[in-house]
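By convention in this document, chain letters (A, B, ...) are assigned in the order of the sequence lines, proteins followed by strands, and residues within each chain are numbered from 1. Quick caveat: nothing in here was measured; it's all calculated off a predicted structure.
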Protein chains: 2
Amino acid sequence: MTWEILAEKGLKATPQRIIIYDALMNEHSHPTTETVYERIKVIHPTISLATVYKTLETLVEYQLADKVSTVEGTYRYDGKTEDHHHIIIEETNEIIDFDDQQIKDLLKAHLAQKNIENLKITNISIQIRGRKIDDSKTITINKF
Amino acid sequence: MTWEILAEKGLKATPQRIIIYDALMNEHSHPTTETVYERIKVIHPTISLATVYKTLETLVEYQLADKVSTVEGTYRYDGKTEDHHHIIIEETNEIIDFDDQQIKDLLKAHLAQKNIENLKITNISIQIRGRKIDDSKTITINKF
DNA sequence: GTATATGCAAACTTTTTGCATCAAA
DNA sequence: TTTGATGCAAAAAGTTTGCATATAC
């Protein structure tokens with residue numbers, strides 16, 4: 001239940017926060033603030049854009065969401081807080097999640113050999129940029 | 001010579017472009033547009049901020065620079081176009097370049113096994129986030 | 001009842017644009 | 001001479017803020 005997740009963090013479970021949180025969790029396309037606002041207006045037409053801005057920042061602050069950096073000039077948010085990676089399609093700026101626990105271990109082992117001094121690593125993420133070979137098809141990842 | 005690099009791309013070698021390009025190449029701290037502008041004003045006080053914006057975008061377009069994505073709300077530029085990675089210090093948002101050709105090969109080999117369909121990879125970059133263990137010291141990378 | 005969140009509008013920051021002038025090729 | 005770049009100021013885009021009202025706890 002979303003209100004419990006918010007309560008655990010000591011946040012008041014307002015309808016706005018619940019709707020924004022739920023919208024983010026159900027939206028896997030790394031929406032901008034504006035996109036979240038547009039989606040939410042359908043069910044909650046009186047919500048203010050400023051509230052969406054404030055709430056998304058609050059969720060990041062309390063580690064219930066991530067802010068994803070892009071080169072587009074707008075922030076994007078991500079309901080996932082577990083480690084994962086991103087595939088970015090160049091023409092469309094579409095962001096696809098890519099879960100792969102092995103990558104982190106692979107890189108950690110590699111970096112250990114590099115003897116980086118005075119750095120405590122908190123997160124490693126990779127970004128794979130590319131383009132679709134066939135625009136009409138989706139990208140599929142067949143792990144095995 | 002900078003004018004030759006610009007000419008090769010079919011770009012007019014204006015004094016502004018040469019100064020901006022040179023400033024970016026000599027500045028390894030991944031400056032924002034504003035920072036580049038402030039630096040350049042010292043030697044070229046009449047330059048316009050709009051020109052710096054336009055020129056940096058032109059350099060990216062002609063692959064003479066990279067745009068680096070951050071979560072700060074401003075763009076940052078990078079004079080390097082070869083593959084390299086970034087270490088981001090969390091408190092300060094400082095960005096440190098990290099050259100490591102092996103990482104790309106390591107990841108390419110790993111990803112080949114994942115059987116990702118319909119994606120042509122153009123670039124792989126990793127971001128290592130962390131904090132300094134000792135704030136007063138720098139981070140050193142001792143490759144071996 | 002109290003502390004905190006919302007919603008509005010205004011302010012602010014960053015980036016883009018249109019256009020007349022200017023300079024490189 | 002021609003083509004494209006610069007610089008200015010104005011506009012647009014994106015984000016933050018102050019404050020009165022409303023609501024969760």
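Looking at residues two or more places apart in sequence or on another chain, you find a side chain to side chain contact (heavy atoms under 4.5 Å, CB included) between Ser29(A) and Glu27(A), Pro31(A). Under the salt bridge (Lys or Arg N to Asp or Glu O under 4.0 Å) criterion, Lys104(A) pairs with Asp83(A), sequence neighbours left out. Not a single salt bridge (Lys or Arg N to Asp or Glu O under 4.0 Å) links Arg17(B) to another residue, sequence neighbours left out. Every residue meeting the side chain to side chain contact (heavy atoms under 4.5 Å, CB included) condition with Thr122(B), not counting sequence neighbours, appears here in chain and number order: Glu90(A), Arg129(A), Arg131(A). For Tyr53(A), the side chain to side chain contact (heavy atoms under 4.5 Å, CB included) partners at least two apart in sequence or on another chain are Thr33(A), Leu49(A). Under the side chain to side chain contact (heavy atoms under 4.5 Å, CB included) criterion, Asn118(A) pairs with Lys132(B), Ile133(B), Asp134(B), Lys137(B), Ile139(B), not counting sequence neighbours.
Spacing between atom CD of Glu4(B) and atom C1' of dA25(C) amounts to 15 Å, rounded to whole angstrom units. With rounding to whole Å, Glu34(A) atom CD is found 13 Å from dT16(D) atom P. Per the geometry, CD1 belonging to Ile18(B) stands 15 Å off P belonging to dA23(C), to the nearest Å. Per the geometry, CD1 belonging to Ile47(A) stands 14 Å off C1' belonging to dC8(C), to the nearest Å. Rounded to whole angstrom, the span from the OH atom of Tyr21(A) across to the P atom of dT6(C) amounts to 16 Å. For the pair Glu61(A) CD and dT16(D) C1', the interatomic distance rounds to 15 Å; values are reported in whole Å. Residue Ile19(A) contributes atom CD1, which lies 14 Å from atom C1' of dT23(D) at whole-angstrom precision. The interatomic distance linking Tyr37(B) (OH) with dT15(C) (P) rounds to 14 Å, in whole Å.
Terminal axes of the helix from dG1(C)-dC25(D) to dA25(C)-dT1(D) (five pairs each, C1' rotation axis) are separated by 50°, to the nearest 10°.
Sorted by first and then second residue, the salt bridge (charged side-chain N to carboxylate O under 4.0 Å, His left out) pairs involving residues 52-64 of chain A (not counting sequence neighbours) are Glu57(A)-Lys67(A).
Membership of the apolar cluster around Ile88(B) extends to Val68(B), Ile95(B), as traced through chained side-chain contacts below 4.5 Å between ILVMFWY residues.
For Thr51(B), the side-chain atoms get nearest to dT6(D) when compared with the rest of dG7(C), dT15(D), dT6(D).
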Give me the distances for all protein-to-nucleotides 11-13 of chain C N/O pairs that come in under 3.5 Å?
none

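When each of Leu59(B), Thr14(B), Thr58(B) is paired with Ile20(B), the side-chain contact (heavy atoms from CB on, under 4.5 Å) condition holds for Leu59(B) and for no other.
Judged by closest nucleotide on DNA chain C, Thr55(A) is the one of Thr55(A) and Thr33(B) placed further toward the 5' end.
Listed here is the closest heavy atom pair of Asp100(A) and Ile103(A): OD1-N, 3.2 Å. Smallest separation of non-hydrogen atoms from Trp3(B) and Ala13(B): CB-CB, 3.7 Å. Heavy atoms only, all atoms of each residue included: Ile47(A) and Tyr37(A) are closest at O-CE1, 3.5 Å.
Listed in residue order, the members of residues 6-17 of chain A having a heavy atom less than 4.0 Å from DNA chain D are Lys12(A), Ala13(A), Pro15(A).
Under the 30°/60° scheme for interplanar angles, the aromatic rings of His84(B) and His30(B) are found to be tilted.
In this structure, Asp78(A) and Asp97(A) have side chains that are in contact, with non-hydrogen atoms separated by less than 4.5 Å.
Residue contacts for Thr32(B): at a heavy-atom cut-off of 4.0 Å it reaches no nucleic acid atom on any strand shown.
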Spell out protein contact along nucleotides 16-22 of chain C as letters: B when the base is contacted, S when just the sugar-phosphate is, - when no protein heavy atom is under 4.0 Å; keep the 5' to 3' order.
-> BBB----

